[in-house]
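Predicted, not measured: the structure shown is a model, and the values here were computed from it. Labels below follow one simple rule: chain letters A, B, ... track the order of the sequence lines, proteins then strands, and each chain is numbered from 1.
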Amino acid sequence: MDIQEYISSGIIESYVLGLASPEEIAEFEKMCALYPELVAARTKFELSIEKQAFENAVIPPAGRKEKIWSAIQKVTPRSSSKIVTMQAGRARSNGLRWFAAASVILFLLTAWLAYSFYNKNRQLQTKIDNNDTTINELQAKINEMARGEKIMHDPDVMVVNMVGLKGSSSSANVYWDSTSTNVYMVVKNMPKLPSDKQYQLWALIGSNPVDLGLFDLPESSNVILKMKNTQKADAFAITIENRGNTGGPDLGQLQSMGKAKL
Amino acid sequence: MSNNTRYSEQELVSQLLQQNDQAFSYLYDNYSPALFGVINQIISNKEIAAEVLQDVFVNIWKKIGLYDDTKGRLFTWMLNIARNAAIDKLRSRSYQDSLKNQPLAENVNTITANSAANPLQNDIGLRKQVGKLKEEYRVLIDLSYYQGFTHEEISKILNLPLGTVKTRIRSALTQLRTMI
């Protein structure tokens with residue numbers, strides 16, 4: 001719609017003078033919200049009508065002001081609850097509007113806070129999980145070291161130094177607790193094996209080899225391997241066997257030996 | 001009840017909302033002559049016009065909470081209350097009965113005769129300007145603005161198509177604007 005055409009259509013005069021239809025009024029008020037120039041033209045016409053009315057003012061009969069004032073006080077007695085209610089109503093409706101606006105702001109703020117707290121919480125949870133893992137790993141290491149420490153300093157535990165045979169550089173320590181019959185082993189220096197081979201520890205009782213367990217090379221020399229228990233042992237031997245060997249020792253592959261000195 | 005304060009329309013409205021008696025005094029002192037003039041253009045009898053003025057001020061006092069300054073100036077709002085109150089009085093049985101020497105406005109002839117036969121009304125303010133419009137426009141503004149007939153009623157009274165009534169009133173109003 002051409003706003004200038006609308007302004008000069010006579011709608012402003014119809015509206016201001018109260019001659020517009022309800023549809024025209026609704027449209028005009030909508031247009032006023034969109035076009036400041038329409039409001040300006042409306043105000044201009046209103047002022048000209050106002051000026052006209054003031055220029056043609058007629059003083060009302062004397063005493064009418066007091067009559068009107070007493071009529072007003074009759075319809076709205078100043079101390080009656082009606083006035084209070086009206087004022088409270090307005091105040092409340094204003095208050096409600098503020099309250100509604102505040103509620104929306106509060107809601108958005110809360111939502112934002114909840115979201116950022118949720119994110120922060122998730123980050124912290126991940127950190128805590130990571131820290132827990134680290135703590136568990138460290139705890140396991142500490143336990144292992146403590147256990148190693150205990151074993152190595154236990155007077156009941158015999159340390160058997162396994163010496164490499166036939167030029168093998170393999171060396172390891174077997175810790176044998178003759179009271180509890182527990183057997184532990186710490187690998188000091190043993191060559192890596194192909195993936196289908198494993199080392200196997202034997203207890204030699206007389207000339208009989210007794211299986212004390214297959215093992216792979218641990219990742220570090222601090223690891224204490226728990227082997228099978230034995231009540232007796234004259235000596236210990238380590239052989240290289242096929243992975244998962246269930247048979248006897250391949251003594252041709254004997255790597256190191258150590259004599260138990262009881 | 002008098003004071004020397006000057007209120008802006010906005011201040012006056014907020015004072016009226018607080019039902020401040022000084023605000024009433026200010027409102028009456030500043031606006032009653034202009035509004036009384038407007039009422040006089042429709043109701044020539046001063047005593048009856050003064051009763052209408054009283055209704056107008058009581059209504060302004062009661063309805064000030066409904067005034068919305070985005071829709072127009074305070075005076076425009078009060079002016080329309082005054083015009084409507086005057087037209088209501090004009091159409092009331094009691095007013096018609098009081099015009100003992102004049103017939104009831106039952107058809108277009110008597111209505112237009114009524115207006116034409118009252119030089120006091122036609123001689124003041126906006127109505128004087130309306131009197132300067134060409135006859136077909138003057139009658140339309142007279143019937144709609146000063147006697148409060150709807151476009152539909154005017155269409156029947158003047159036996160004109162509704163569209164013509166609307167277009168002519170718009171044209172009359174734009175012409176009126178150039179005159180004031």
task = Show the numbers, then the answer: is there a salt bridge (charged side-chain N to carboxylate O under 4.0 Å, His left out) between B/Arg177 and A/Glu13?
result = CA-CA 8 Å; B/Arg177 175 168 61 175; A/Glu13 296 76 11; 2.8 Å; yes
message = Under 4.0 Å between a side-chain nitrogen and a carboxylate oxygen: does that hold for A/Lys67 and B/Glu51?
response = no
For [X], is the [atom1] atom crowded, meaning more than 12 foreign heavy atoms sit under 6.0 Å from it?
X        : atom1 : result
A/Lys188 : NZ    : yes
A/Lys141 : NZ    : no
A/Asn119 : CG    : yes

Measuring only between side-chain heavy atoms, which start at C-beta, is [X] closer than 4.5 Å to [Y]?
X        : Y       : result
A/Ile72  : B/Gln19 : no
B/Leu173 : A/Leu17 : yes
B/Phe24  : A/Ile68 : yes
A/Leu47  : B/Arg73 : yes

note = Answer key: most heavy-atom pairs under 4.5 Å with chain A among B/Gly148, B/Gly72, B/Ser144 is B/Gly72
request  = Determine the option with the most heavy-atom pairs under 4.5 angstrom with chain A, choosing from B/Ile39, B/Val38, B/Leu53, B/Leu176.
outcome  = B/Leu53
What part of [X] gets within 4.5 angstrom of chain A, counting heavy atoms only: side chain, backbone, both, or neither?
X        : value
B/Leu79  : side chain
B/Tyr145 : both
B/Thr150 : neither

From [X] atom [atom1] to [Y] atom [atom2], the distance as rounded to the nearest 0.5 Å:
X       : Y        : atom1 : atom2 : answer
A/Glu46 : B/Thr76  : CD    : OG1   : 3.0 Å
A/Arg64 : B/Phe36  : CZ    : CZ    : 8.0 Å
A/Ile11 : B/Thr174 : CD1   : OG1   : 12.0 Å
A/Ser70 : B/Gln54  : OG    : CD    : 7.0 Å

If I compare all heavy atoms of [X] with all of [Y], which pair ends up nearest, and what's the gap?
X       : Y        : answer
B/Arg83 : A/Gly18  : NH2-O, 3.1 Å
A/Leu19 : B/His151 : O-NE2, 3.7 Å
B/Lys71 : A/Tyr15  : O-OH, 3.2 Å
B/Thr70 : A/Arg42  : O-NH1, 3.1 Å
B/Ala34 : A/Ala57  : N-CB, 3.7 Å

request  = Fit a plane to each ring of A/Phe54 and B/Phe75, take the angle between them on a 0 to 90° scale, and name the class: parallel (under 30°), tilted (30 to 60°) or perpendicular (over 60°).
outcome  = tilted
query = Highest number of heavy-atom pairs under 4.5 Å with chain B: which of A/Thr43, A/Val16, A/Ile12?
reply = A/Val16
message = For the residue pair A/Lys65 / B/Ser25, report whether a side-chain donor-acceptor contact shorter than 3.5 Å exists.
response = yes
task = Examine whether an atom of A/Glu50 lies under 4.5 Å from a heavy atom of chain B, and if so say whether it belongs to the side chain, the backbone or both; otherwise answer neither.
result = both
